[in-house]
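For reference, the structure discussed in these notes is given below.
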There are 2 protein chains.
Amino acid sequence: MAEAKKSTLVLVAERAGVSIASVSRVLNGLPASEQISAKVKAAAQELGYVADATARSLKVGRTEQIALAVADVGNPVYVAMMNEISRVVTDAGYRLVTSSTGNDAEDQIALLSSLNRGYADGMILSPLRVTEPLIAELRASRLPIVVIGSLPEGVELDSVRADSVAGMGLAIKHLAKQGRQRIAFVNGPVDTVPGAARLRGYVTAMDKRGLPMHGDLQVNADDFTFAAGLVAAEALLDQSAPDAIVCANDLLAVATMKVLARRGLSVPGDVALIGMDDTEIAELVTPSITSVNLGSVKRAREAAKLLIRRLADPDAPVKQVVIAPKLTIRESSVIPH
Amino acid sequence: MAEAKKSTLVLVAERAGVSIASVSRVLNGLPASEQISAKVKAAAQELGYVADATARSLKVGRTEQIALAVADVGNPVYVAMMNEISRVVTDAGYRLVTSSTGNDAEDQIALLSSLNRGYADGMILSPLRVTEPLIAELRASRLPIVVIGSLPEGVELDSVRADSVAGMGLAIKHLAKQGRQRIAFVNGPVDTVPGAARLRGYVTAMDKRGLPMHGDLQVNADDFTFAAGLVAAEALLDQSAPDAIVCANDLLAVATMKVLARRGLSVPGDVALIGMDDTEIAELVTPSITSVNLGSVKRAREAAKLLIRRLADPDAPVKQVVIAPKLTIRESSVIPH
DNA sequence: CTGTTAGCGCCTTCAC
DNA sequence: GTGAAGGCGCTAACAG
């Protein structure tokens with residue numbers, strides 16, 4: 001049974017009647033005689049010895065920790081990504097240190113420079129907004145960083161991103177096939193990385209299919225949240241009468257669905273609805289919501305693997321991965337016959 | 001600008017032309033002359049110096065990290081708790097190390113003993129099942145631990161728990177007031193801490209009000225998840241025709257709502273529905289779901305504060321906090337007139 | 001007020 | 001194969 005007091009290598013060595021070096025070797029699986037090995041293991045067992053993590057870290061220069069910084073923990077897609085990252089890094093023997101920065105770029109910069117204290121061996125960062133100072137800080141970092149999200153041209157960092165444009169294309173194509181004409185778009189803030197990308201996708205896809213794109217078919221929520229979605233959807237339906245609505249994420253889609261219900265509009269009868277991110281909430285609600293799967297889990301897994309690879313091989317070539325989207329069709333976009 | 005290379009106290013001292021002790025003092029805000037202070041700060045700035053966290057930890061015996069172990073990260077209530085804990089510990093200057101153990105008691109025990117490596121200064125633990133070996137390990141821990149959830153009598157550990165019995169009482173009372181008679185209960189596994197407590201609450205409350213409690217009004221989902229809830233709700237409605245259903249958490253409630261919709265039963269018209277935990281999903285769906293607020297956020301906050309208090313004062317008396325429940329009434333339980 | 005010095009607990013060459 | 005000793009980077013006594 002473990003003791004309540006802390007025990008060190010020295011104590012174990014005394015108890016076993018050997019040198020601390022031998023104890024270290026045995027416990028790290030280095031060659032040692034049966035005899036010593038047995039004595040050391042017994043002593044360690046009796047004392048409930050476990051090697052001190054901080055001392056080990058200082059000596060070997062690794063903490064076995066990976067830092068994760070995400071902006072909005074209220075969003076289920078980040079939760080899903082976090083879980084996946086947690087799984088991968090844990091399997092690789094790392095602990096995960098999570099910090100939820102605000103949407104604030106300042107916070108992220110502070111976090112990056114604090115990473116240089118070396119409390120973790122590397123970081124996975126998913127910034128909502130990519131500013132110049134942030135990029136400068138990313139470049140200056142002493143430790144490896146993997147970015148989830150788009151990076152400007154010329155920034156040579158490991159990264160993983162979704163293909164929002166293609167994803168939006170899938171959504172619009174699906175709706176057009178169903179004969180929908182007036183396809184509206186509820187976006188989040190356009191000055192964010194995902195907001196900008198999804199707008200680009202909407203414009204591109206609508207344009208390609210020659211669909212009308214009046215300004216009154218577009219609204220931007222102040223945030224990627226349910227509450228902001230309610231406001232935005234009300235505004236949209238006040239100013240136009242779409243027969244389909246694409247939302248920039250599932251929270252906005254759920255909010256839009258609620259507003260449609262309030263107004264007595266049926267889904268998918270009167271209005272077809274599509275969300276993005278394909279999180280669990282899309283299937284919890286009734287009717288379940290068709291959603292563009294932007295590969296959040298894959299992105300998370302890939303990001304974690306990228307970082308682990310870089311930690312193992314600091315000189316590996318920079319890798320920028322793009323994950324292809326898929327459309328998960330549910331009840332909200334197809335009229336059953 | 002920060003350099004890409006690591007810099008140490010020694011380097012800063014050389015550059016500033018002073019001793020390393022002076023550098024340490026200045027950077028830690030201890031008294032020093034203006035002159036030296038200025039030189040040190042300049043040198044540190046130029047070299048982009050930040051103190052190494054592992055070395056500091058080894059020296060001072062604190063990591064400034066707090067570990068958090070939760071069982072089921074798929075459940076939104078844990079996400080909410082995690083966010084709150086993250087906020088509190090961050091404000092207090094700690095980093096949060098999260099580990100999602102499986103539902104496995106083994107995992108939790110392994111985690112507890114790994115905590116003795118000293119990678120964190122303490123841990124917040126929310127075990128789904130409290131077994132004997134787990135308690136033994138809790139007692140043996142060298143570092144302070146705060147438990148979220150009920151603990152057996154006589155276990156002297158800081159803890160915070162909900163009052164499920166009172167909470168269930170609120171739900172049943174509310175339903176009875178609305179004239180509901182056949183109140184069913186969709187529980188999770190009864191061999192878990194929350195499952196057992198909520199069953200106790202249901203039995204107590206039904207009994208108190210003299211409401212019928214046939215076995216066919218009760219089902220246990222295999223898990224506190226949406227998928228398990230679908231199965232359980234189907235089973236319930238196959239075997240009985242309740243006019244109200246209480247679910248052991250919001251995920252089970254959402255699943256039950258979906259099954260009710262499938263069967264053409266209206267909420268709250270045909271069946272009133274109440275969830276527990278009062279998470280965001282209860283208000284996302286349509287109709288929104290009345291839910292018993294078991295104070296998850298308060299519990300989380302209290303747990304974090306308790307741990308921080310104990311870290312500051314290891315000899316403080318053990319404190320066991322119980323958070324009172326409230327009922328958040330929404331659309332699913334009241335017929336509008 | 002400042003510099004020198006001794007560890008924190010561990011890993012890892014080096015001699016033996 | 002084993003033990004002795006140095007040092008990772010930092011803080012905190014202790015002298016001066």
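In what follows, chains carry the letters A, B, and so on, assigned in the order in which the sequence lines appear, proteins first and then strands, with residues in each chain numbered from 1. Heavy atoms only: backbone and side chains are in, while hydrogens, waters and symmetry mates are out.
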Original post:
To the nearest Å, how far apart are B:Asp52 CG and C:dG9 C1'?
Top reply: 15 Å
**OP:** Give a yes or no on this: more than 12 heavy atoms of other residues, nucleotides or ligands lie within 6.0 Å of atom NZ of A:Lys305.
**Re:** no
Original post:
Is there a side-chain contact between A:Thr8 and A:Asp52, using heavy atoms and a 4.5 Å cut-off?
Top reply: no
**OP:** Using atom CG of B:Asn116 as one end and atom P of C:dG9 as the other, report the distance to the nearest whole Å.
**Re:** 15 Å
Subject >> Main-chain N/O of A:Thr63 paired to A:Asp121 side chain as donor or acceptor, under 3.5 Å >> reply: yes
Original post:
Is there a side-chain polar atom (N or O) of A:Arg25 under 4.0 Å from OP1 or OP2 of C:dT12?
Top reply: no
Original post:
Between the side chain of A:Arg142 and the main-chain N/O of B:Lys6, is any donor-acceptor distance below 3.5 Å?
Top reply: no
**OP:** Please work out if B:Val18 contacts a base, only the sugar-phosphate, or nothing of the nucleic acid, heavy-atom cut-off 4.0 Å.
**Re:** sugar-phosphate
Subject >> Considering all heavy atoms, the nearest B:Ile20-B:Val10 contact >> reply: CG2-CA, 3.8 Å
Original post:
Between C:dG3 atom C1' and B:Leu30 atom CG, what is the distance in whole Å?
Top reply: 15 Å
**OP:** In whole angstrom, give the distance that lies between atom CD of B:Gln35 and atom P of C:dT2.
**Re:** 8 Å
Subject >> Axis deviation across the helix from C:dC1-D:dG16 to C:dC16-D:dG1, five-pair ends, to the nearest 10° >> reply: 50°
**OP:** Would you mind telling me which of C:dC10, C:dC11, C:dT4 lies closest to the side-chain atoms of A:Val60?
**Re:** C:dC11
**OP:** Before accepting this row, confirm whether a basic side-chain N of the pair B:Arg299/B:Glu302 lies closer than 4.0 Å to the acidic partner's carboxylate O.
**Re:** no
Original post:
Between CD of B:Gln65 and OH of A:Tyr119, what distance do you get to the nearest 0.5 Å?
Top reply: 8.5 Å
Listed pairs, N/O of protein and of nucleotides 5-7 of chain C, under 3.5 Å:
{"residue": "C:dG7", "atom": "N2", "partner": "B:Lys59", "partner atom": "NZ", "Å": "2.8"}
{"residue": "C:dG7", "atom": "N3", "partner": "B:Lys59", "partner atom": "NZ", "Å": "3.4"}

Original post:
Contact class for A:Thr8 vs. all strands (heavy atom < 4.0 Å): base, sugar-phosphate, or nothing?
Top reply: sugar-phosphate
Subject >> Sidechain-backbone polar pair: B:Arg117 side chain, A:Ala53 backbone, donor-acceptor under 3.5 Å >> reply: no
Subject >> Nearest-angstrom distance from the residue atom CG of A:Leu11 to C1' of C:dC10 >> reply: 13 Å
**OP:** Can you spot which of B:Thr101, B:Asp191, B:Thr192 makes a side-chain contact (heavy atoms from CB on, under 4.5 Å) with B:Leu128?
**Re:** B:Thr192
Subject >> Residue whose nearest DNA chain C nucleotide is more 5′ - B:Ala55 or B:Ser19 >> reply: B:Ser19
Subject >> Spacing of A:Leu58 atom CG relative to C:dG9 atom P, expressed in whole Å >> reply: 12 Å
Original post:
Can you tell me how far CD of B:Gln108 sits from CD of B:Glu137, rounded to the nearest 0.5 angstrom?
Top reply: 11.0 Å
Subject >> Any B:Val23 side-chain heavy atom under 4.5 Å of B:Val18 side chain >> reply: yes
**OP:** Tell me which nucleotide among C:dG3, C:dG9, C:dC10 gets nearest to the side chain of A:Lys6.
**Re:** C:dG9
Subject >> Start and end of chain B contact along DNA chain D [non-hydrogen atoms, under 4.0 Å] >> reply: D:dG9 to D:dA13
Original post:
Are A:Met81 and A:Ile148 close enough that some pair of their side-chain heavy atoms sits under 4.5 Å apart?
Top reply: yes
